Structure formats: structure tokens, C-alpha cells
Amino acid sequence: MNKLPVKQTYILLVAIFGIVALSIYSTYAIFTLESSTGNIVTIRTPENLEISASSFEYKQIDIPKNSYITTDVDIYNNYDYEICYSIWYKALSNNIKIYENTSDNLTTSGMIAPVTGTRVKLLIINDNDTAAKVNIGLASAKNEETCTLNISSDKSQITMAINAKSLTGTLAKDTNPANIEQGYLTYKDNTNEINLSDEKTYYVATEFTYQDELFTLKEPKKLELKDLTNYNNYYLCENEDKCEFLYHITELGDKTITKYDILLGYLGGENGLRKVNNDYYYYGDNPNNFIYYNCTNELDTKTCELWRIVGFHYDDKTNKYVTKIVRNDYLDTHLFDDSKNVWPNSSISKYLNEEYKLKQSMHEENIFREENITSLDTNLNSIPLLETENKAYVTLLNVSDYLYASSCQKTKINEYDTTCLKNNWLNKNKTEWTMTTKYELPTTDPETNEEIIPDNNTVYAIGNEIKETNIDEKLNIRPVIYLKSRTLLTNGNGTLDNPYVIR
């Protein structure tokens with residue numbers, strides 16, 4: 001048998017090795033939607049997707065329910081000419097969002113010089129209650145002055161970039177306290193109407209001073225309701241020329257202030273985030289925990305409401321942290337109920353979960369603590385919890401939320417005096433409902449042996465004091481929700497001027 005020349009032998013061995021290698025690798029080969037491709041998409045690590053220059057290569061990625069993943073896409077140009085490229089995706093379920101995860105300019109489409117490469121970081125969010133699949137692929141072509149990329153109509157290009165990180169993972173790490181000087185907050189452009197009364201007198205001025213949590217009007221004018229009409233753009237106090245809340249009127253209606261800024265003072269001192277058992281709570285007069293939520297358009301913060309982060313709570317069922325937030329402003333006053341103090345069946349619960357509509361989702365259901373306090377002498381760390389089958393997702397604050405927001409750290413509820421409750425960012429100097437009930441079990445009369453059924457008609461209210469309140473009273477309410485554990489922080493530093501922005 002004649003031997004092959006060395007060069008031919010080498011070529012033949014390379015070809016055989018290539019065929020064997022391809023057959024071994026075929027288990028992992030990725031095929032396109034249209035046809036198979038010779039340029040294999042390979043995975044270097046579970047989170048890194050490497051795609052060589054080809055028009056049709058793709059990789060299918062699994063995303064667990066209500067979660068997100070990040071994936072690096074490495075694109076290489078092995079040719080001696082420039083190529084144009086675009087990363088495309090096809091979501092195989094609804095409620096899938098895909099962004100480039102960067103603070104720089106969008107690079108999911110562009111040009112690559114000869115024999116070079118680029119890396120693109122992707123963020124894929126699955127807002128479904130079931131796992132989902134996404135195809136990520138690359139379209140590329142030689143740059144011949146103009147680029148024509150073969151992207152079919154059932155695929156989409158990635159056209160948005162955000163710099164996103166875990167909300168809870170990022171914020172819960174920062175538990176170092178900060179000192180904030182005494183001052184006041186200005187909440188702008190409120191539109192919840194304030195009713196004015198003929199029985200009150202009003203003081204207005206164009207300037208004010210602030211000291212010791214009090215606003216004092218300079219050269220005030222004393223007015224009755226009928227005289228207020230012409231005093232837009234004035235600062236207003238009720239009944240005297242000093243007040244804890246100062247209204248800056250921007251629009252007056254008939255016996256109402258329809259648009260206004262509200263100025264609220266705070267004491268200052270130590271503020272921050274502290275850990276209690278497995279949870280984290282913001283505490284102090286004015287921690288940096290402002291957050292935009294309930295947006296009509298999540299891309300435009302002007303359409304959002306101002307909420308605040310209560311803390312981060314560990315969910316034993318999912319072994320993840322969820323973020324608890326409360327709306328900064330009150331809704332209309334409501335009675336708790338007209339019969340019993342059972343939260344799931346209460347008038348407020350029905351209102352919040354049936355009539356009050358959230359415009360933005362990202363909330364979890366049935367992850368909350370429904371507390372029961374039999375006495376204000378109860379130890380704060382041992383408040384009993386009521387078991388409930390409630391599936392509601394909008395609730396109210398609990399008494400423990402309120403007390404942990406104080407800069408004081410006491411053991412029992414009744415140890416929180418007025419000073420402690422004032423050093424508390426949740427205290428708005430008005431009384432509001434919680435969903436913490438005073439629920440007592442039936443007892444037996446020792447003399448008659450008859451069963452005594454307690455009334456169970458009180459719920460705890462919070463404000464400058466913690467007190468039992470009859471369920472048929474009308475008090476302020478603020479909705480509370482838990483954000484999904486997958487919620488991402490994309491902007492902001494938590495201050496009033498720059499609240500956190502989430503996706």
C-alpha cells in the first residue's frame with residue numbers, strides 16, 4: 001500500500017478528528033428555528049452564552065417563575081472583515097422582559113472589527129407564576145457599507161438598557177446608621193383634597209421659619225374660610241400661626257385645597273436600617289427609604305406615587321427576602337368594620353383588595369404577618385401571629401412595623417412613650433389603623449361555668465400613641481404591599497429628591 005504524503009495524512013487526520021469531535025458534541029449542539037447550523041453555540045459557564053458570527057445561531061434559556069437571570073453573550077468576529085450584528089430574542093411566554101444590563105450605551109447591536117470580540121450582559125425577567133423559556137440568538141452579516149440582517153418577524157431585537165441589581169441584596173447590606181440633621185421634608189404636588197371647615201380659622205403667610213419641629217409663619221394673616229379664595233401660593237396653618245404640618249397652597253377649590261405641597265418636620269438623629277431576628281427595618285426620623293411605586297408608566301417616574309420601604313422580611317416558604325413598602329400618603333378615612341375585628345373579612349381589607357386598584361404589579365400575595373396583641377404589656381419579640389387563609393395582597397401596617405421604625409429600642413409595647421414614637425419616620429402625627437387585632441379566646445366563668453364570649457371589636461391604632469380603637473371609628477389608612485423577591489433596583493439613592501426606581 002502506498003503511503004499518503006505527510007501533508008495529505010495531516011489533512012485527513014484533522015478531518016477525522018473533526019467528525020468524531022462533532023459527533024461527540026452533538027448532544028450539546030444547538031439548532032436554529034429554521035435549520036441546523038455548523039457554527040455551534042457553546043456554553044463556557046452556566047451564565048455565559050458564547051455565540052460565534054452566524055446569522056441563525058441561538059440558545060434556549062430557562063428562567064424560573066417570578067425571577068430573573070443574567071447572561072453574558074460573547075460575540076466573536078473570526079473573519080478578516082468587519083461584521084455588523086444584532087442580538088435577538090424570542091420569548092416563548094408572555095410577561096418576559098429583556099434588557100441589556102449596563103449603565104453604558106446600548107451595545108446589543110453594532111459593528112465588530114476583524115478578529116475581535118465583544119461581551120454583552122443581558123437581564124431576563126420572568127413575571128409569570130410558571131417557569132418560562134427564551135431563545136437568545138445572533139444575526140450577523142459582513143459590513144458592506146450597509147448592513148442587512150436576517151431577523152424574522154417572530155423575533156425581537158433588544159432595544160433597552162438598564163443598570164439593575166437586586167433590591168433586597170443591595171439595600172439590606174447597608175445597615176450602618178447615619179446621622180441626619182433636624183429639618184423638614186417637602187412632599188410636592190399632592191392632589192388628595194384637604195377639606196376646609198367654617199369652624200376653623202386659618203393663618204397664611206408668604207414666609208416661615210422652622211425650629212423644634214414647628215413651622216412659624218412670618219407676618220401671618222388670620223382668615224376665615226370665605227377669605228381664602230385669593231391666597232394661592234401661600235403657606236397655611238390651621239387655628240394658629242404655628243403648626244407641625246405646613247401646607248403650601250398651589251390650587252384652591254370650593255372649601256378644599258386641591259393641590260398643594262406639604263412640609264413635615266423631623267427631629268433628626270440616628271437613622272438607618274437594622275436587623276431584628278431575620279428581618280431588616282428602617283428606623284429613625286428620616287431614613288433614606290423613599291421609593292417610586294404604583295406607576296401608570298414604569299418608564300416615567302412622574303406617573304408614580306411616593307412610597308417608603310418598611311423593611312425586608314424573610315419568607316420561610318420561599319427562603320427569600322421580600323420588600324415591604326407603605327404608601328407615603330393616606331387614602332380616605334375608613335372604619336375598620338361594623339361587626340368583627342377579623343382582618344380578612346374586614347371592610348378595609350375588602351376595600352383595599354377590591355376597590356383600590358394598583359396600577360403597577362410586582363407584588364406578592366399572602367406574605368404577611370397578621371398579629372394579635374392581648375395586652376400592651378406584650379413583649380415586642382413575642383407577638384403571637386394569627387393563622388389565616390387570606391389571599392389578599394394589599395394590607396395595612398402592623399404594630400410591630402410601627403415600633404421597629406422608632407429610633408428607640410424597647411422590649412415591651414407600652415415602653416414606647418411619646419418621645420420614642422416621635423422619633424419614628426412612620427409617625428405622621430395622625431392616627432391610623434393597623435391590622436393588628438386584640439383578639440381574645442372565649443373563657444369560662446368560674447362561678448357559673450358558663451362560656452364568656454369576648455366582644456373582639458377592637459383593633460390597635462397608631463400615631464402619637466398606641467391604643468385600642470373600636471372597629472366602627474373612621475381613621476386614616478395607608479396601603480401596604482410586599483414586592484416580589486425578584487424586584488430589581490435600577491436607579492435612585494432613597495432620598496426624597498432621588499427615590500429608588502424599581503423594575
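Since we're looking at a predicted model, the values are computed, not measured.
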Trace of the side chain to side chain donor-acceptor pair (under 3.5 Å) decision for Asp285 with Asn424: CA-CA 5 Å; Asp285 287 309; Asn424 184 328; over 6 Å; no

Stepwise side-chain contact (heavy atoms from CB on, under 4.5 Å) check, Val310 with Ile325: CA-CA 5 Å; Val310 177; Ile325 65 174; 5.8 Å; no

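The backbone N or O of Lys412 sits less than 3.5 Å from a side-chain atom of Glu415, completing a donor-acceptor pair. Thr469 contributes no side-chain N or O that, together with a main-chain N or O of Tyr460, makes up a donor-acceptor pair within less than 3.5 Å.
Scanning all heavy atoms of the two residues, the minimum distance from Leu380 to Tyr416 falls at CD2-OH, 3.6 Å.
Within 6.0 Å of CG in Asn105 there are 12 or fewer heavy atoms belonging to other residues, nucleotides or ligands. The 12-atom threshold is not exceeded at NZ of Lys65, counting heavy atoms of other residues, nucleotides or ligands nearer than 6.0 Å. More than 12 non-hydrogen atoms from other residues, nucleotides or ligands lie less than 6.0 angstrom from NZ of Lys422.
Taking the six-membered ring wherever Trp is involved, the centroid distance between the rings of Tyr500 and Phe290 does not fall below 6.0 Å.
Considering Thr395, Leu396, Leu358 in turn, Leu396 is the only one that fulfils the side chain to side chain contact (heavy atoms under 4.5 Å, CB included) rule with Leu352.
Pairs passing the disulfide bond (SG atoms under 2.5 Å apart) check and including a residue from residues 264-326, sequence neighbours excluded, read Cys295-Cys304.
Under the 6.0 Å distance and 45° angle rule, Arg486 does not count as a cation-pi partner of Tyr68.
With respect to the salt-bridge test (charged N to carboxylate O, under 4.0 angstrom), the residues Glu244 and Lys428 do not qualify.
Ring planes of Tyr482 and His313: perpendicular class, angle over 60° (limits at 30 and 60°).
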